[in-house]
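Atom set for the values below is all heavy atoms of this structure, side chains included, hydrogens, waters and symmetry mates excluded.
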There are 2 protein chains.
Amino acid sequence: MMELTRKGEYAIRGIVYLAGKPIDKVCLLSDIAAAVDVPPTFLAKIFQQFSKMGLVKSFRGTGGGFMLGRAPENITLLEVVEAVEGQIIPNRCVVKPSDCGRSDYCNVHPVWKRVQGEVRGVLEGVTLKELSTGEPASKTN
Amino acid sequence: MMELTRKGEYAIRGIVYLAGKPIDKVCLLSDIAAAVDVPPTFLAKIFQQFSKMGLVKSFRGTGGGFMLGRAPENITLLEVVEAVEGQIIPNRCVVKPSDCGRSDYCNVHPVWKRVQGEVRGVLEGVTLKELSTGEPASKTN
DNA sequence: CACTAAAAAGACACTTTATATCCTTTTAGG
DNA sequence: CCTAAAAGGATATAAAGTGTCTTTTTAGTG
Ligand code: SF4
Ligand code: SF4
């Protein structure tokens, strides 16, 4: 259970690739797709989502392509994942307790809340910068 | 993403119900299903799985039914969830790194490992006892 | 023993989500 | 105007999720 979809996996690969390039370098979708081994048409859809959310900037026409929307140290893995997969929801009652009817007294409910928090915490603690360079965030600098 | 399936949700409801009964009380599937509001035929399949893994004991024929396989304080939520949903796998490379080819140098890979660990940790820290009584485990007693 | 209660097993049907491709349209440069 | 490239939309296929139905096995009971 809890498996990331291909879409999510591809999304990460694609944007981490961008994060490894100079911030203002415009990359062709076809190049990115080839580099990270993802079906180009599929990656196109993903990057369209990214583009709408400002995670990447896109340019059309000759000389067009994609570049990162913000500095890679300011984009967390959580943002990337949620951009394409939606919110992280271990159980539906986490987002809509009213759906269940048992949520008032249910002892399992808070556990899912906790799971959600933990997962979000981990993903939020990782930036594209770290993912592209392999270096842990140097928070004390 | 990461949503528990209905099956998983139903499984938990069903077994937590059992955990709230005296350990040697035999409950009818139909009663359990009605009590926790789950389609009886579906719950049957789930309890068959539980039975094979020893999480519940089953008795056939007249006077038959189900009871918990072990003391509720010795069954963790992790066990229950993994019994019906399989392992908790945030990304497939967590369980089969060889599938990816990039796993050797991939910086995202360890993040999924960490996510897996956190989720398992949370679920492992919760027992059926706590879930049925609402009381946190009193480890210091 | 025959009858009945109850779970086990297996097959099946339907829905939803995931995965991917294709075609057309828009935008921008040369 | 022609070409490069992304955006948008429709569609196709496969896989997973959700649930039902029927038949079989097991066990108690008069
Ligand atoms: S029973 Fe509890 S855990 Fe399950 S959906 Fe309802 S509130 Fe959530
Ligand atoms: S690229 Fe990294 S995170 Fe993605 S599947 Fe491969 S090893 Fe795992």
Exercise. Name the residue closer to the 5' end of DNA chain D, choosing between Ser30(A) and Lys7(B) according to the nucleotide with the nearest heavy atom.
Key: Ser30(A)
Quiz item: Of Gln48(A) and Gly61(A), whose closest DNA chain D nucleotide lies nearer the 5' terminus?
Solution: Gly61(A)
Mind checking [X] for me? I need base, sugar-phosphate or nothing, with any heavy atom below 4.0 Å counting as a touch.
X        : result
Phe59(B) : sugar-phosphate
Lys57(B) : nothing
Ser51(A) : sugar-phosphate

Measure from the side chain of [X], starting at C-beta and using heavy atoms only, and say which of [options] lies closest.
X        : options                  : result
Arg6(B)  : dT21(C), dG19(D), dT4(C) : dG19(D)
Thr62(B) : dA28(C), dA6(D), dA27(D) : dA27(D)
Thr5(B)  : dC22(C), dG17(D), dA9(C) : dG17(D)
Ser58(A) : dA5(D), dA7(C), dA7(D)   : dA7(D)
Arg60(B) : dG8(D), dA4(D), dA7(C)   : dA7(C)

Write down the distance between [atom1] ([X]) and [atom2] ([N]), rounded to a whole number of angstrom.
X        : N       : atom1 : atom2 : value
Leu28(B) : dA8(C)  : CG    : P     : 12 Å
Glu9(A)  : dA20(C) : CD    : P     : 11 Å
Leu4(A)  : dA18(C) : CG    : P     : 11 Å
Met1(B)  : dA16(D) : CE    : C1'   : 16 Å
Glu85(B) : dA16(D) : CD    : P     : 13 Å
Leu43(A) : dA6(D)  : CG    : P     : 10 Å
Ile46(B) : dT18(D) : CD1   : C1'   : 10 Å
Glu3(A)  : dA18(C) : CD    : P     : 12 Å

Self-check item: Straight-line distance of Asn91(B) CG to Met2(A) CE, nearest 0.5 Å
Solution: 14.0 Å
Quiz prompt | Short side-chain N/O contact to dA20(C) OP1/OP2 from Tyr10(A), under 4.0 Å | solution = yes
Exercise. Considering just the side-chain nitrogens and oxygens of Thr41(B), establish if one lies under 4.0 Å of OP1 or OP2 belonging to dT20(D).
Key: yes
Quiz prompt | Cationic N near anionic O, under 4.0 Å, Glu9(B) to Arg102(A) | solution = no
Quiz prompt | SB check Arg70(A) Glu79(A) (cutoff 4.0 Å) | solution = yes
Quiz item: Can you tell which of Val16(B), Thr133(B), Thr76(B) makes a side chain to side chain contact (heavy atoms under 4.5 Å, CB included) with Leu128(B)?
Solution: Val16(B)
Self-check item: side chain to side chain contact (heavy atoms under 4.5 Å, CB included), paired with Ile15(A), selected from Ile46(A), Val36(A), Leu68(A), Val84(A)
Solution: Leu68(A)
Quiz item: Out of curiosity, does Phe66(A) fall in the hydrophobic cluster containing Met53(A) (side-chain heavy atoms, cut-off under 4.5 Å, transitive links)?
Solution: no
Quiz item: Do Lys45(A) and dG8(D) have a side chain to base donor-acceptor pair shorter than 3.5 Å?
Solution: yes
